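Computed from a predicted structure; not experimentally measured.
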Amino acid sequence: MGLKIRKGRPIDRGDASHGHGRRTWRREAVEFAALFVAAGVAHLFSTALGHRRSGAVILVVLGGVLCAIVSAHLWLTHRRDRHGRAPGHPAAGTAAPAARLWRVRARVRETPGQLAALAAATAAIGGNILSLSTQPDTDGTVDELHVQLPEPVTAEALVEALTAAGGRAVQARPATVRELVDPVARALLLASWAAADPHRLPAALAALLEARLIPDTGDRADRAARSDRDTLSLTAPAGERIRLHRPGLPFTATETARALALLGHARRPAPARPT
């Protein structure tokens, strides 16, 4: 038999349930009695008016007045709900506030609660984390988040919030919904796509890393002008040079390993088909 505390006193749950049953029975008895009283009053009222010549007309007029009152009350209530709603609570059927999607990267310390601090900072400015991935790198761990922010909130505010929460080298750039595809499923699809046609390998690598293909001119000055972390150079199985550029989001060691795995898959000979 369980106990619960109410106002500092233990109350038995069984007694509480019996009390609730008694209250329900009393309420139903009162409603039933009120129904009989209302029926009796209506009968007396209609009988008294029935002995008059204008009794039927009075009843019709009273019914019409009641219908008009109820209709006016419903109209006023509907208008108040449409125009008097509190700010921040849009009415049903109206469009939600505009939001933008950002791809954010932050280097974090390997300490307990660091990811929770970033999530709390994002929520504090009205952001919603749609995806999250953790990428080990040579000089720490990189957390990549796709964050949806309300239109008034800027990327600079998000960077400042995450930096104050412990993030280092925080970067944010606009993103699209296409980037929310599961990375494992995307890698498998791109690997099969490149295996079917080796000429698609550069495009598959660019899609895998969300980067842009740039020509390999062999100019040292051009290579020096680009940051080493923003540009990734790879060698295709056929020997040609593949250069990928992604300004603002340096390639991590994890992404480089993914690109090398895709290259290794492309180097594998295609299985012989039975004749």
Side-chain angles (χ1 to χ4, degrees), residues 101-111 114-115 118-119 122 129-148 155 158-159 162-163 166-217 222-268:
L101 187 63
W102 298 91
R103 182 178 181 179
V104 186
R105 284 193 172 185
R107 297 187 178 272
V108 296
R109 298 184 301 272
E110 292 293 339
T111 56
Q114 183 61 65
L115 182 57
L118 297 182
T122 304
I129 299 177
L130 299 183
S131 71
L132 167 67
S133 65
T134 300
Q135 301 180 13
D137 202 6
T138 55
D139 54 350
T141 301
V142 177
D143 284 347
E144 182 174 274
L145 305 89
H146 282 87
V147 179
Q148 192 175 36
L158 178 60
V159 171
L162 295 182
T163 302
R168 296 179 290 113
V170 182
Q171 299 169 318
R173 71 166 181 80
T176 62
V177 180
R178 179 178 56 86
E179 299 181 23
L180 298 178
V181 178
D182 179 69
V184 176
R186 180 174 57 184
L188 292 174
L189 290 174
L190 291 173
S192 62
W193 186 56
D197 185 358
H199 297 287
R200 298 173 178 171
L201 180 59
L205 287 169
L208 177 67
L209 301 180
E210 299 286 344
R212 180 172 58 90
L213 285 170
I214 57 176
D216 185 19
T217 60
D222 176 68
R223 293 182 180 180
R226 301 182 187 272
S227 172
D228 293 338
R229 298 297 301 273
D230 292 348
T231 303
L232 181 63
S233 297
L234 303 166
T235 303
E240 69 271 19
R241 199 73 172 170
I242 301 175
R243 299 188 69 197
L244 303 171
H245 185 60
R246 191 178 62 192
L249 289 178
F251 296 101
T252 64
T254 301
E255 290 179 317
T256 303
R258 292 173 182 172
L260 292 176
L262 183 56
L263 282 175
H265 178 76
R267 289 191 181 99
R268 295 175 56 185

Checklist entry - In a check of side-chain hydrogen bond (donor to acceptor under 3.5 Å, both in side chains) between S131 and each of E144, R103, H146, which one passes? => result H146

Item to check | Heavy-atom pair with the smallest gap, counting every atom of P215 and R243 | outcome: O-NH1, 3.9 Å

Checklist entry - Are any non-hydrogen side-chain atoms of Q171 and P250 less than 4.5 angstrom apart? => result yes

Next on the checklist: Is there a side-chain contact between T122 and L158 in this structure, where contact means two heavy atoms from C-beta onward sitting under 4.5 Å apart?
Outcome noted: yes

Next on the checklist: Does any part of the side chain of L244, heavy atoms only, come nearer than 4.5 Å to the side chain of L213, both counted from C-beta?
Outcome noted: yes

Checklist outcome for this item: d(L118 CG, L132 CG) to nearest 0.5 Å is 9.0 Å

Item to check | Atom pair OG1 (T141) and CG (L115), whose distance is rounded to the nearest 0.5 Å | outcome: 11.0 Å

Checklist entry - Have R241 and T235 got a donor and an acceptor in their side chains that come within less than 3.5 Å? => result yes

Checklist entry - Distance from R168 atom CZ to L162 atom CG, nearest 0.5 Å? => result 13.5 Å

Checklist entry - Below 4.5 Å, heavy atoms only, C-beta onward: do L205 and L263 meet side chain to side chain? => result yes

Could you give the side-chain donor-acceptor pairs of residues 184-201 under 3.5 Å, partners two or more places apart or in another chain?
unit_1	atom_1	unit_2	atom_2	d
R186	NH1	E210	OE2	2.6
S192	OG	L188	O	3.3
S192	OG	L189	O	2.8
D197	OD1	H199	N	3.2

Item to check | Least distance between heavy atoms, L234 atom then A259 atom | outcome: CD1-CB, 3.8 Å

Please tabulate, for the side chains in residues 251-258, all donor-acceptor contacts under 3.5 angstrom to protein atoms that are two or more places apart in sequence or on a different chain.
unit_1	atom_1	unit_2	atom_2	d
T252	OG1	Q135	OE1	2.6
T252	OG1	E255	N	3.3
T254	OG1	P136	O	2.7
E255	OE1	R105	NH1	3.4
E255	OE1	R105	NH2	3.3
E255	OE1	R246	NH2	2.7
E255	OE1	T252	N	3.2
E255	OE2	R105	NH2	2.5
E255	OE2	R246	NH1	3.0
E255	OE2	R246	NH2	3.4
T256	OG1	T252	O	3.1

Next on the checklist: Return the CD to CD1 distance between Q148 and I129, rounded to the nearest 0.5 Å.
Outcome noted: 12.0 Å

